[in-house]
Structures are given as structure tokens and as C-alpha cells.
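Single-structure report; data block below.
In this chain, residues are counted from 1 in sequence order.
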Amino acid sequence: MNITSINGMSPVDAVSSVTEATDILNRKSKKTDGTLFDAFLNSAIDNIKTTNSYLSDMENEEIRFALGETENSHDLTIALQKASSALQYTVAIRDKLMESYREIMQIQI
């Protein structure tokens, strides 16, 4: 699998779309302090920050390897795998949240 095309999105697009959604939810959740939803949202935001960190580390390792600053391909491989796994997890969670949202919106009152 290629890290640049997960579900037809680049890693930056996938993470930025999830980040935008959590920013909107975060602004709305400021009104509900101390709730379970708030804790869940903060956990999701922390996971997105971790994913962004792994993607940044991956890009830094690629640049260092391409410039010849390091010949250690092991660190590059580890960074690529961490970023790929974190991004797959983040996109899967986003897809499940969107699916749940659509299902809730289809409920007739």
C-alpha cells in the first residue's frame, strides 16, 4: 500500500479534513465542560496531533535520507510505517464517525 493514497486522499488532505472537523466540534464542545463527549473529543484531538507528529517525522526522515545526511534506512522505514499505521487508524475513525453521523441524520423523528 502506498502512503500517498489512502482512500483516494493524500495524507495531508486526510489529516487536515479530520483536524477541521475536530476544530469545529471543539468550538462547539466548549459549552459542555466535564462531559464524556468532551473527554472523547479531547482524546481524538490528541490522537490527531500524534498522527501529525508521525507524518512530520516521516517527512523529516525522507528529506534527511534524500539529502544524504543519513544512510540509515532503518529509521526511514520505521517512520514510514508509524505514519502509515497512524494515518490508516485516523482515516478509519473518521470514516466510522461520518457513517454514524449520516445514520443519525437519517433517523426520522
For Thr70 against Phe65, the heavy-atom pair lying closest together: O-CD1, 3.7 Å

Once rounded to the nearest 0.5 Å, what's the spacing between atom CG of Leu41 and atom CG of Leu36? 11.0 Å

Closest heavy-atom contact between Ile48 and Thr90? CG1-CG2, 4.4 Å

Backbone N/O of Lys96 and side chain of Ser100: donor-acceptor pair under 3.5 Å: yes

One should read off an interatomic distance between Glu99 CD and Leu97 CG, to the nearest 0.5 angstrom, of 10.0 Å

Rounded to the nearest 0.5 angstrom, the CZ-CD distance for Arg102 and Gln106 is 9.0 Å

Counting only heavy atoms not in Glu69, do more than 12 sit closer than 6.0 Å to its CD atom? yes

In Å, rounded to the nearest 0.5 Å, how long is the span from OG1 of Thr50 to CG of Asp46? 6.5 Å

Going by side chain to side chain contact (heavy atoms under 4.5 Å, CB included), His74 matches just one of Thr77, Ile78, Leu76. Which one? Ile78

I'd like to know if the side chain of Ser56 and the backbone of Asn52 have a donor-acceptor N/O pair within less than 3.5 Å. no

Do Asn72 and Asp75 have a side chain donor and acceptor closer than 3.5 Å? yes

Heavy atoms only: give me the nearest Glu61-Ala79 pair and the separation to one decimal. CG-CB, 3.9 Å

Please name the pair of heavy atoms, one in Ala86 and one in Tyr54, separated by the smallest distance, quoted to 0.1 Å. CB-CD1, 3.6 Å

Rounded distance [0.5 Å steps], CZ in Arg94 versus CG in Leu87: 9.0 Å

Test side chain to side chain contact (heavy atoms under 4.5 Å, CB included) on Gln88 and Val91 and set out the steps. CA-CA 5 Å; Gln88 286 175 355; Val91 170; over 6 Å; no

Quick check: does any side chain N or O of Ser84 sit under 3.5 Å from a backbone N or O of Leu80, one acting as donor and the other as acceptor? no

If you round to the nearest 0.5 Å, how far is OG1 of Thr35 from CZ of Phe40? 11.5 Å

